[in-house]
Amino acid sequence: MANNNVIYGINGPVVTVKDTRAFSMMEMVYVGDERLVGEVIGITDKLTTIQVYEETTGLKLGDAIYGTGEPMNILLGPGIIDNIFDGIERPLKAIEEKTNSSFISRGASVSSLDENKYWNVKIRAKIGDYLKAGEIYATCPETAIIEHRCMVSPKLKGGKVVSVQPDGKYKLRDTIVVIEDDEGVKHDLTLCQEWPIRTPRPSAQRLSADVPLITGQRVIDTLFPISKGGTAAIPGGFGTGKTMTQHQLAKWCDADIIVYVGCGERGNEMSQVLEEFTELVDPKSGRPMTDRTVLIANTSNMPVAAREASIYTGITLAEYYRDMGYHVAIMADSTSRWAEALREISGRLEEMPAEEGYPAYLPSRLSEFYERAGRINTLSGFEGSVTIIGAVSPPGADFSEPVTQNTKRFIRCFWALDKSLAYSRHYPAINWMTSYSEYFTDLDPWFRKNLGEDFIKYRSKVTALLHEESELMEIVKLIGSDVLPDDQKLVIETAKAIRVAFLQQNAFHKEDTFVPLEKQKLMMKTILHLYEKSKHIIGAQIPISQILDLHLFEKITKMKYDIPNNKLEMFDELNKSIDEALSTISVI
Amino acid sequence: MVLDYVGVKEINGSLIVLDDVENAFFEEIVDIRLDDGTIRHGRIVQTQGKRCVIQVFEGTKGMSLDNARTRLKGRPMELALSPEIMGRVFNGAGMPIDGLGEIYPQYNANINGTPINPVSRVYPKNYINTGISTIDTLMTLIRGQKLPIFSGSGMKHNELAVQIVRQAQIAGADNKFGIVFAAMGVKNDVAEYFRKSFDESGVLGRVVMFLNLANDPIIERTLTPRCALAAAEYLAFELDMHILVIMTDMTSYCEALREFSSSKGEIPGRKGYPGYLYSDLASLYERAGMIKGKNGSVTQIPILTMPNDDITHPIPDLTGYITEGQIVLSRSLEGAGLYPPVSVLPSLSRLMKDGIGEGYTRADHSPLANQLFAAYAKVMDARSLASVIGEEELSPVDKKYIEFGKLFERYFVNQGYNENRTIEQSLDLGWKLLSTLPREELDRVDDEILDKYYIEDTDSITFETFGADESDDNSNDEDIA
C-alpha cells in the first residue's frame with residue numbers, strides 16, 4: 001500500500017502533513033528516508049503537526065512519514081546505568097562506535113540498550129506463582145553495586161506463571177518467564193520493557209516526606225534540607241555556580257542512583273561530568289561514581305525537540321529504578337532550557353503566547369514534571385523515591401521571570417544562588433536570606449531522633465544570628481561598624497564566622513567537599529560556644545577588641561580543613577583551646 | 001534535469017517567495033539570475049506545500065516580480081575548504097574577495113556543522129598563556145574553551161583581542177597555530193585594524209578572514225560565523241591545528257538575526273529577538289572544543305558589545321549561559337585610564353579550575369585567585385561604605401582594603417599593550433599585593449601556602465619599592481622579548 005502520509009511543510013524542527021487521519025496525538029513517527037524520530041504534537045482535520053528530534057536540513061516535501069501506533073516510548077532494562085544517552089534515549093557511546101565519527105549524524109539508528117550482551121540472570125518466579133503488575137520476577141547484577149530487578153510492566157494486568165527458564169545468562173530480549181493473564185492470554189517476559197515517557201509510572205502509595213536526602217553540603221543539610229522524594233530548584237544567573245552545586249549534589253547525596261540530565265547545557269561540561277564521575281570513587285561502595293549514574297546529554301546545539309523530551313526521558317528512567325526499590329535523585333540542568341525549548345516549538349506552531357512568549361501551558365507542564373517526584377511504596381511493596389533537583393537559569397538573574405516564578409509554585413526547596421556571593425567566590429553561593437525549605441517541619445522529628453535536640457537548637461540560633469546580622473548590616477552600610485555597641489559587633493563577628501567557616505564550603509578540598517551531619521553539628525556548636533563565651537565577657541564590660549585580638553574567630557574558620565571528618569573528637573580540643581584563650585581575658 | 005523558476009511571487013525585505021516549486025528541500029541553496037546577468041545566492045528557509053520562502057544573501061534590491069530566474073542547487077550551504085585557505089580573505093558567505101581566485105576544494109563542509117557527540121569530547125585542560133595578568137591568574141583561558149569578551153562601544157576590546165592573539169601564539173610555539181577571524185557588521189576601520197595588527201605581529205599568513213562589514217547584507221551576516229566555524233573545524237579536526245576563532249561583533253550578528261526573523265513574520269521573544277536565539281547562539285558557541293583522537297582544537301573568543309553596557313540584555317545574557325565564562329570590560333576602569341579594563345568580579349572562566357594548579361601552572365594558583373577575588377570584593381564593599389561615611393571614618397582594616405584596591409588596579413589589572421607577563425610573574429605580583437593585607441584576612445588560603453608565599457615583612461612592600469618592582473617586571477619583559 002502506498003504511503004500517502006508525506007511532508008507538506010517544514011519550519012525548523014516542525015513538519016506538517018496534510019489531510020490525514022492516520023496519526024494520534026503524541027504518537028511516535030519516523031520521518032523521511034533517514035527515519036528521523038518525531039512525535040505528533042497537533043492534529044486538525046487539515047494539518048497534522050510533528051516535531052522532529054533531529055536536524056531537519058535536507059528533508060524534502062513529499063518525504064514519507066511512518067506511524068508507529070504508539071506514544072513516545074523508551075526501552076527500560078539492564079544496561080541503563082553507566083550509560084550516556086541523548087534526549088530520546090539513544091546511546092551516545094554506541095552511536096560513536098557505530099558511525100565511527102565524533103559528530104552526531106542524523107538518523108543513526110542504534111538500539112537504546114545493548115541487545116547482545118549477556119546478563120547473569122537469577123529467576124525469582126516459580127511456575128504457578130501469580131505475578132501482579134510491578135512484581136519482580138528476575139534479578140541480575142547491572143553494575144557492581146546496582147542489582148537490576150525485572151518487574152512485570154505496569155501495562156500488563158499480571159498473571160499466572162506458566163513457564164520459567166533456569167538461572168543463567170540471557171540477552172535483553174530473551175524470554176525468561178511466560179505468564180498467562182486472567183483472560184488466558186500469554187505474555188512473554190524478557191529482561192526489558194517499554195514505557196511512554198510522558199506517563200508517570202504507577203506506585204502503590206505515596207509516603208510522607210520525613211527522611212532527609214543527606215548531601216554533605218552544610219548550607220543545604222542544616223539550613224535548607226531536602227527530603228527523599230522532595231523537589232528543589234536552584235535558580236541563579238550565569239556564573240553563580242548552579243552546575244557546580246548540581247555536581248556536588250550528584251557526587252555526594254545519599255541516593256542509590258543518580259540520573260543527571262544535561263538539558264541544553266554545554267558539551268564541555270558533559271565531558272567533564274563523564275570524566276569526573278569515572279574517576280571519582282563513591283565513598284560508600286568504593287566503586288566509581290558511574291556505577292550508579294545515568295547521564296542524559298542533550299547539549300545546547302543538539303536538536304531542540306529532543307531537549308524538550310530529555311526531561312521526561314530522565315524522569316522515566318528515575319521512576320523505573322524507583323520501582324525496583326531504589327532511592328533515585330534526578331538532577332535537571334537546566335529546566336529553563338527545557339522551558340525555552342517549549343517556547344521555541346510553541347512559536348513555530350504559532351500558538352498564542354502568554355508571559356514573555358512562553359506558552360500558556362508552561363505551568364501545567366512544570367507541575368506535571370515536579371509532581372512525578374515522591375517517596376512511595378512500589379507496586380511490589382518496596383520503598384523507593386525520586387528526588388528532583390532542577391536548576392533554573394533566569395535571564396538576567398531576574399527571579400521574577402515566568403520559569404522561576406512558576407517553578408516556585410511546584411517545588412518546596414528553593415536554593416537561591418546569589419551573584420554577589422559568587423563574585424566574592426563564596427561557594428556554594430546559596431543566599432541564606434532568600435532561600436527556603438518547606439521540608440524542615442517534616443524532617444524535624446528525624447533530626448531530633450538522629451542528631452538530638454541540640455541540632456535544632458543550634459540551627460535556630462545560627463539562623464537568628466544571620467538575620468540579626470543582615471539587619472545590622474543595613475546600619476553598617478550607612479554609618480560604619482565602629483559606632484555599633486560591642487554586643488552588636490559581636491553578632492557581626494559571629495555571623496561572619498558562620499558565613500566563612502560554616503556556610504562557605506570548598507568543593508575542591510578533600511575534607512570539606514563532603515561533611516557528615518555530626519561534624520556540621522559540632523561546627524555550629526563551636527561557633528556558638530565562642531559566641532556565648534564572648535557575650536558573657538562583653539557583658540562584664542570588657543571591650544570586644546580584647547577578644548578579637550586573640551584571633552579566635554580566624555582560628556575557627558580553619559576548623560573545616562584542620563579537623564578531618566573521621567576525627568571529630570578534635571572539636572573537644574578546639575573548644576578547650578577557646579576556653580583557655582578566653583580565660584586569659586576574664587582573669588584580667 | 002535542471003529547472004529554472006521564472007519570476008517570484010512575493011518580495012519582502014530580503015526574503016522572496018516562490019510558488020509551484022517541486023522537490024525543494026529545507027535549507028537548500030539556490031542561485032538567482034537577474035535579467036542584467038548578475039547572480040545572487042539564497043537559501044530556502046521555509047517550505048509549505050509547493051511554496052518556498054528563500055532568503056537572498058545579497059539582498060533583494062533591484063529585484064522585481066519578473067526579472068529573476070531561480071535555480072535550485074540540490075545541496076545545502078557548503079563551504080569549499082583546502083589547506084590553501086590560510087592567509088585568504090572571504091566575504092561573509094564564504095566567497096573569496098581578495099582577488100586570488102576560487103578555492104580548489106579538497107573538502108566541502110556543510111556550514112551548519114553537526115553537533116559533537118558529548119562522549120567524543122575531550123575535557124579541555126591545557127591552559128593558554130595570554131601574558132595578561134588578570135586573564136591568566138583570574139580567568140584562565142583553556143584550549144578548547146569559548147570565552148567571550150563582554151565589552152561596550154568604544155572600549156578597548158579589539159586591542160585586547162589582538163594582544164591575546166599576539167601573545168598566545170608564542171605559547172603554542174609549534175606552527176600548528178592558526179587564527180580564524182570572523183567580522184560581522186564591524187566598521188571598515190575595525191577590520192583594517194585587525195588586518196594590520198595581524199600583519200605587524202607576523203601572523204597574517206596564519207589567519208583566515210571572513211569579512212562582513214557594517215554595510216554588507218545582513219543575511220550574509222547570519223552565515224558569517226557559520227562559515228568561519230566550518231573553516232575552523234576543518235583546520236582543527238582535519239589538519240590537527242590549534243585554532244583561535246575571534247568573532248566580532250556578536251551583537252551585530254544577533255541584530256541581523258532579529259531583522260531576518262521579523263521579516264519572516266516570526267513571533268518575537270525578549271526585546272524582539274527570536275525565541276530561538278539561545279539555540280541559534282548555542283549552535284555557534286558549542287562548536288568550540290577538542291575531540292578524542294584528534295590533536296587540534298577550536299578555541300573561541302567572541303566579542304560582543306553590550307547595548308548600553310547592560311549585562312542583562314538578552315545577547316550577553318544568553319551568551320553567558322552558553323559560554324564557559326566571560327571577560328567583562330568596565331567603562332569606569334577604562335575611564336580611569338587602565339588597560340586592559342577587565343572588570344574582575346563579574347569575569348569568570350569555568351574551565352580554569354581543572355587547568356590550573358600543580359602540573360599546569362603552580363600549586364598556589366587556585367587559592368591565590370580565590371583570595372584575590374574575595375579581597376577585591378571586599379574592596380568594593382569598603383568603597384561603597386567610604387562613599388557614604390568618607391574614607392577617613394573607615395576602620396583600619398577597611399582602609400587597608402581601599403589601599404589594596406588601588407594597588408591591585410594600578411599594578412595588576414593595568415598592564416602595557418605590549419607587556420607579556422609570565423604566569424609566575426603574575427602570580428608573584430598577586431602575592432605581593434595580598435601581602436599588603438593583614439595575614440588573618442586571607443581566609444581562603446591554607447596556612448601551608450601562606451607560609452610559603454605571604455611576605456611577612458610588610459615594610460619591604462611599600463608603595464615605592466612596589467612601583468620599582470613593577471618597572472623591573474617591565475624591563476624583564478623587554479629582556480625576554
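Neither the backbone nor the side chain of A:Glu401 comes within contact range of chain B; no heavy atom of the residue lies under 4.5 Å from a heavy atom of that chain. Using a 4.5 Å cut-off between heavy atoms, A:Gln272 contacts chain B through both its backbone and its side chain. Heavy atoms of B:Ala24 lying under 4.5 Å from chain A belong exclusively to its backbone. Contact annotation for A:Ile10: both backbone and side-chain heavy atoms come within less than 4.5 Å of a heavy atom of chain B. A:Leu274 touches chain B through its side chain: at least one heavy atom from C-beta onward sits under 4.5 Å away, while N, CA, C and O do not. Only the backbone of B:Val122 comes within less than 4.5 Å of a heavy atom of chain A; no side-chain atom from C-beta onward does. There is no contact between A:Lys18 and chain B, counting heavy-atom distances below 4.5 Å. Heavy atoms closer than 4.5 Å to chain B are found in the side chain of A:Tyr561, but not in its backbone.
For the pair A:Glu265 and B:Tyr321, the tightest heavy-atom approach, listed with the atom from each and the gap, is OE1-O, 4.5 Å. Annotation for A:Ile104 and B:Pro118: closest pair CD1-CD, 4.1 Å, computed over non-hydrogen atoms. Across all their heavy atoms, B:Asn23 and A:Lys60 have their closest contact at O-CD, 3.5 Å. Minimum heavy-atom separation, A:Gly239 to B:Arg350: N-NH2, 2.9 Å. Between B:Asn370 and A:Arg425, the shortest heavy-atom distance links the atoms OD1-CG, 3.9 Å. Residues A:Ser101 and B:Ser120 come closest through the heavy atom pair O-OG, 4.2 Å.
Expressed to the nearest 0.5 Å, how far CD of B:Glu266 lies from CG of A:Asn11 amounts to 6.5 Å. Atom CG of residue A:Asn301 and atom CG of residue B:Asn112 lie 11.5 Å apart, to the nearest 0.5 angstrom. To the nearest 0.5 angstrom, B:Tyr376 atom OH is 14.0 Å from A:Ser424 atom OG. The structure places OG of B:Ser343 at 7.5 Å from OH of A:Tyr423, a figure rounded to the nearest 0.5 Å. One distance of note links CG of A:Asp63 with CZ of B:Phe26; it measures 13.5 Å at 0.5 Å rounding. With values rounded to the nearest 0.5 angstrom, B:Asp447 atom CG is found 5.0 Å from A:Lys558 atom NZ.
Proximity of A:Phe238 to B:Thr323: side-chain heavy atoms (C-beta onward) are nowhere separated by under 4.5 Å. B:Thr312 has its side chain out of reach of A:Asp398: every pair of non-hydrogen atoms, C-beta onward, lies at least 4.5 Å apart. Here the side chains of A:Glu276 and B:Tyr123 are not in contact, with every heavy-atom distance at 4.5 Å or above. Counting only heavy atoms from C-beta outward, the side chains of B:Phe25 and A:Leu59 never approach each other to under 4.5 Å. When side chains are defined from C-beta on, A:Glu344 counts as touching B:Ser279, because their heavy atoms get closer than 4.5 Å.
Between the side chains of B:Arg121 and A:Asn268, at least one donor N or O sits under 3.5 Å from an acceptor N or O.
Between chain B and the options A:Arg343, A:Lys93, A:Glu356, heavy-atom pairs under 4.5 Å are most frequent for A:Lys93. Ranked by heavy-atom pairs under 4.5 Å with chain A, the list B:Glu28, B:Gln326, B:Lys292 is led by B:Gln326. Comparing A:Thr56, A:Thr16, A:Val15 by how many heavy-atom pairs each has under 4.5 Å with chain B, the most go to A:Thr56. Options A:Gly241, A:Ala297, A:Pro353, A:Gly237 differ in how many heavy-atom pairs under 4.5 Å they form with chain B, and the most are formed by A:Gly237. Residue with the most contacts toward chain B among A:Glu554, A:Glu96, A:Glu350: A:Glu96 (heavy-atom pairs, distance under 4.5 Å). Among A:Pro395, A:Gly9, A:Gly357, the residue with the largest count of heavy-atom pairs under 4.5 Å with chain B is A:Pro395. Residue with the most contacts toward chain A among B:Tyr278, B:Tyr285, B:Tyr276, B:Phe237: B:Tyr278 (heavy-atom pairs, distance under 4.5 Å). Each of A:Thr557, A:Leu478, A:Thr299 has some count of heavy-atom pairs under 4.5 Å with chain B, and the biggest count is that of A:Leu478.
Taking the side-chain hydrogen bond (donor to acceptor under 3.5 Å, both in side chains) definition, one finds that B:Ser262 meets it with nothing, sequence neighbours left out. Residues forming a side-chain hydrogen bond (donor to acceptor under 3.5 Å, both in side chains) with A:Ser336 (at least two apart in sequence, or on another chain): none.
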List the steps and the verdict of side chain to side chain contact (heavy atoms under 4.5 Å, CB included) for A:Glu269 and B:Glu324.
CA-CA 9 Å; A:Glu269 234 158 47; B:Glu324 285 130 357; 5.7 Å; no
Quick one, A:Glu275 with B:Lys125, criterion salt bridge (charged side-chain N to carboxylate O under 4.0 Å, His left out). Give me CA distance, side-chain angles, the key distance, then yes/no.
CA-CA 12 Å; A:Glu275 192 182 291; B:Lys125 279 188 176 166; 2.7 Å; yes
